[in-house]
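Here's the structure, in structure tokens; my notes come after.
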Amino acid sequence: MTQSTAPQLVEHFDHFVVPVDDLVQAEDFYINILGARLAYNARGPMRYGLNVHQTIHGMRPHTFFVAAGKRIGCYLQTEHRPPAPKGRGAPTYSFETTTAGLDALIARLKKAGVAHEGPLVGTPSFATSSVFFDDPTGNHLAVYVPREPNATSKHPRPADDQLIAIGYLQLEAPDLEKSVRFYCDTFSLPAPDTNVDSLWGEKHARIKMPSGQSLVLTQAPVSPKGMVINRFEPGPHLAFYLPASRWGEMMTRLEKCGVQHGDRAAIAKGRTKEELDTYFEDPAGYVIQLISALET
């Protein structure tokens with residue numbers, strides 16, 4: 001496995017956007033069960049692609065929420081996808097919480113009749129307790145009490161937000177060694193820990209980020225997403241943050257690693273030159289976004 005000796009560039013996993021098969025159902029779940037809030041900007045609720053003007057201009061239906069002080073989103077799939085073969089696995093999107101927050105979430109899951117596993121003690125190894133469950137489409141979610149909160153828990157968020165931080169990210173990696181090389185070389189991250197517990201059931205590698213978050217790569221085929229996902233199409237993606245002061249170094253590293261990239265949303269979102277963004281694909285086909293401005 002590769003181990004980079006260069007200074008680490010990417011600081012943390014910032015936010016995620018997932019595909020769903022029903023936006024109304026997803027909104028109810030993410031707000032009333034997970035505890036997120038509908039995101040707003042100067043124009044109002046961040047629900048897009050739901051009127052004639054936006055549809056004519058090719059905007060796909062999607063909604064943004066705020067959870068743990070970060071913006072997360074759901075894009076409407078273009079086709080159905082089969083249910084996940086297991087209740088948990090890759091990909092998994094997770095959040096950190098407190099003991100009281102986890103108890104409150106489990107109570108909401110039980111009241112709504114949402115199937116879940118937990119509370120589990122010491123699962124994963126960096127958690128004291130956790131619960132695993134799926135959203136209505138089958139996207140795997142985990143909420144856990146960390147042994148030590150990651151650095152993003154210090155970012156601003158509402159005082160009553162029970163989700164304190166975006167947690168670890170687990171992704172499929174059909175070619176595990178290739179994916180490990182990609183993330184370690186491109187992001188200048190340390191070699192992975194391959195001696196973690198067998199929670200996922202498949203061979204996996206855990207890469208630790210400067211924030212204290214983990215990127216877990218699991219050797220498994222990529223599951224159906226219900227839509228075409230690539231760096232040219234607006235849609236589901238995974239966003240990582242690095243300071244603007246390191247942007248030039250990162251662009252040089254992307255070029256050195258032969259990673260093609262570009263900002264697909266600069267005009268649509270009216271970004272300024274100070275808002276540095278770019279998108280590319282990892283070896284499994286996930287769309288990765290790099291951002292220099294913290295999402296709020």
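The chain is numbered in sequence order, starting from 1. The figures that follow rest on heavy atoms only: side chains count, while hydrogens, waters and symmetry mates do not.
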For the pair [X] (side chain) and [Y] (backbone), establish whether a donor and an acceptor sit closer than 3.5 Å, ignoring hydrogens and angles.
X	Y	result
Thr92	Gly89	yes
Ser130	Thr123	yes
Ser214	Arg206	no
Arg253	Asp185	yes
Thr78	Gly226	yes
Arg71	Ala67	no
Ser153	Pro149	no

Ring centroids only, cut at 6.0 angstrom: are [X] and [Y] within range, meaning strictly under it?
X	Y	value
Phe280	Tyr183	no
Tyr168	Phe13	no
Phe133	His116	no

At what distance, to the nearest 0.5 angstrom, does [atom1] of [X] lie from [atom2] of [Y]?
X	Y	atom1	atom2	answer
Thr278	Leu290	OG1	CG	6.5 Å
Leu171	Leu238	CG	CG	5.5 Å
Thr152	Met209	OG1	CE	10.0 Å
Leu102	Ser129	CG	OG	5.0 Å
Gln25	Cys74	CD	SG	11.0 Å
Asp282	Thr186	CG	OG1	9.5 Å

For this session: In sequence, state the C-alpha distance, the side-chain angles, and the governing distance for Lys70 and His155, and then conclude on side-chain contact (heavy atoms from CB on, under 4.5 Å).
Result: CA-CA 9 Å; Lys70 297 293 183 178; His155 292 166; 3.3 Å; yes
Using side-chain heavy atoms (C-beta onward) and a distance below 4.5 Å, is [X] in contact with [Y]?
X	Y	value
Trp247	Leu242	yes
Pro192	Ile207	yes
Ile72	Tyr30	yes
Leu215	Leu217	yes
Pro210	Leu189	yes
Gln289	Arg231	no
Met46	His62	no
His237	Tyr279	yes

For this session: List the steps, then state whether side-chain contact (heavy atoms from CB on, under 4.5 Å) holds for Lys203 with Leu176.
Result: CA-CA 8 Å; Lys203 185 178 180 181; Leu176 183 59; 3.8 Å; yes
Exercise. Side-chain donor-acceptor pair under 3.5 Å between Glu281 and Asn230, yes or no?
Worked result: no
Exercise. Just checking, any donor-acceptor pair under 3.5 angstrom between side chains of His12 and Gln213?
Worked result: no
To check you understand the geometry: which heavy-atom pair defines the closest contact between [X] and [Y], and what is its length?
X	Y	result
Ala165	Ala68	N-CB, 3.5 Å
Thr218	Ala90	CB-CB, 4.3 Å
Asn150	Gly212	CB-C, 4.1 Å
Gly235	Val17	O-CG1, 4.2 Å
Leu34	Phe95	CD2-CE1, 3.8 Å
Val222	Pro174	CG2-CG, 3.8 Å

Exercise. Going through the distances and angles, do Ile166 and Asp14 end up as a side-chain contact (heavy atoms from CB on, under 4.5 Å)?
Worked result: CA-CA 7 Å; Ile166 300 290; Asp14 193 78; over 6 Å; no
Which residues share a salt bridge (Lys or Arg N to Asp or Glu O under 4.0 Å) with [X], sequence neighbours left out:
X	value
Glu255	none
Glu11	none
Lys225	Glu172

Exercise. Between Phe187 and Tyr241, does a ring pair (Phe, Tyr, Trp, His ring centres under 6.0 Å) hold up when you go through it step by step?
Worked result: CA-CA 11 Å; Phe187 288 178; Tyr241 170 81; over 10 Å; no
Seminar exercise, completed: For residues 29-48, the salt bridge (charged side-chain N to carboxylate O under 4.0 Å, His left out) pairs (sequence neighbours left out) are Glu27-Arg47, Arg37-Asp160
For this session: Mind jotting down which residue pairs meet the salt bridge (charged side-chain N to carboxylate O under 4.0 Å, His left out) criterion with at least one end in residues 52-69? Sequence neighbours excluded, please.
Result: Arg60-Glu233
Single-linkage hydrophobic cluster, 4.5 Å side-chain cutoff, [X] and [Y] together:
X	Y	result
Phe65	Leu105	yes
Tyr75	Val228	no
Ile164	Phe126	no
Phe240	Met250	yes

Seminar exercise, completed: Quick note, side chain to side chain donor-acceptor pair (under 3.5 Å) partners involving residues 137-149, not counting sequence neighbours, are Asp21-Thr137, Arg81-Asn139, Glu96-Tyr144, Asp134-His140, Asp135-Asn139
Problem set entry | Verdict with supporting geometry, Leu109 and Val131, side-chain contact (heavy atoms from CB on, under 4.5 Å) | CA-CA 10 Å; Leu109 292 171; Val131 62; 4.0 Å; yes
